[in-house]
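Counting starts at 1 for both ligands and their atoms, following the listed order.
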Amino acid sequence: MKIAFYDTKDYDKIWFEKLLPEYGYEIVFLESRLNEKTAVLAKGCKAVCLFVNDELNKETVQTLFNFGVSVVLMRCAGYDKIDLKACKDKLTVMRVPSYSPTAVAEYTLAMVLSINRKIHRAYARTRDYNFKISGLMGTTLKGKTAGIIGTGKIGKEAVRVLSGLGMKIIGYDMYPDEKSGIEYVDLNRLFEESDVISLHCPLTEESKYIINKDSIGKMKDGVILVNTSRGGLIDTAALIEALEKHKFKGVALDVYEEEEEYFFEDKSNEIIKNDELIKLLSFPNVLVTSHQAFFTEESLQAIAEITLNNLRAYEKGEKPNNVVEYK
Ligand code: NAD
């Protein structure tokens, strides 16, 4: 069984190569992302292995299918760039629904603390021998309210780590888990009462732009917004407009609406043409990182193991839980 592995980075290779002898698969590591033009590189492979920004649209599904590809292995949890309808009856899509929710939650905590206490700015200052602290004042988080949108695996871990700060937690979920002990409120109340808002729901038709001009208007002045989920949850234009009006104490983004052209790549020698990204990076109270919340040794090892186990189960004709169906 040959796997075309798109968007390969050195850190992917380490973990997959370590496990290959045990599984007996052959992997063709490709630097390109999957799109209509690069689908041809999967010729001769039975499976493709994709990451968050690989795009599988209707045309690409057909091309892969014609080449004999039958299975898509997402080495991530999200699958918002996959046309599941087009895949139906052609390609089986499998994902890694949970590899380390803790890794993402711990990173969320790091973002909350960094943006609140302006550690990113202090770091830049002291490297330049500027030891002034004016402008770096934060707020004590103990006793403040954190609103968690999406209380699944990662959201629950975010609740756990933020509770550790002594914050009051409220949550909103389309399908609340009443056994979780989380105090659920409606979305409007979450916007109105939270001092920190953290996004942990998937990007779907319902959740797209859940943070928009209207919802931002309902938030407290001086709120902190953190997004480690998917960029499309935030209407970036509305966010920038509100940032210009000093709405937020801080905004921390590990994901960005138009990240696919930039994130995971070194663009330091290029002219950046995305005005919204340039603008976001210009705000002193915005911290942008490049989709790295998942990025721990434990996560990468788990991703490699679960991805290869998915393929093994598929080959054996089992129907693993990790199959993503079109509904
Ligand atoms: P999960 O499926 O366990 O939980 C998602 C929760 O969101 C569920 O409880 C679901 O009911 C809820 N939900 C769905 N639609 C909603 C809506 N419109 N409004 C409110 N709640 C809604 O998923 P998870 O493992 O916790 O992951 C959450 C998201 O985190 C993923 O979809 C992915 O986009 C993102 N993620 C990011 C990184 C990163 O490195 N930055 C890594 C992994 C996952």
Item to check | Test log, rule side-chain hydrogen bond (donor to acceptor under 3.5 Å, both in side chains), inputs N66 and Q62 | outcome: CA-CA 6 Å; N66 292 345; Q62 193 56 51; 3.0 Å; yes
Next on the checklist: For residues 81-96, which residue pairs pass the salt bridge (Lys or Arg N to Asp or Glu O under 4.0 Å) check, not counting sequence neighbours?
Outcome noted: K81-E260
Checklist entry - Can the ring centroids of F51 and F264 be said to lie less than 6.0 angstrom from one another? => result yes
Checklist entry - Taking any residue with a non-hydrogen atom under 4.0 angstrom from an atom of ligand 1, which ones do you get? => result P97, Y99, V104, G150, T151, G152, K153, I154, Y172, D173, M174, Y175, H200, C201, P202, S207, T228, S229, R230, D254, H291, A293, F294
Item to check | N321 CG: over 12 foreign heavy atoms closer than 6.0 Å | outcome: no
Item to check | Partner residues of K13 under the salt bridge (charged side-chain N to carboxylate O under 4.0 Å, His left out) criterion, sequence neighbours left out | outcome: none
Item to check | Listed partners of E178 passing side-chain hydrogen bond (donor to acceptor under 3.5 Å, both in side chains), at least two apart | outcome: none
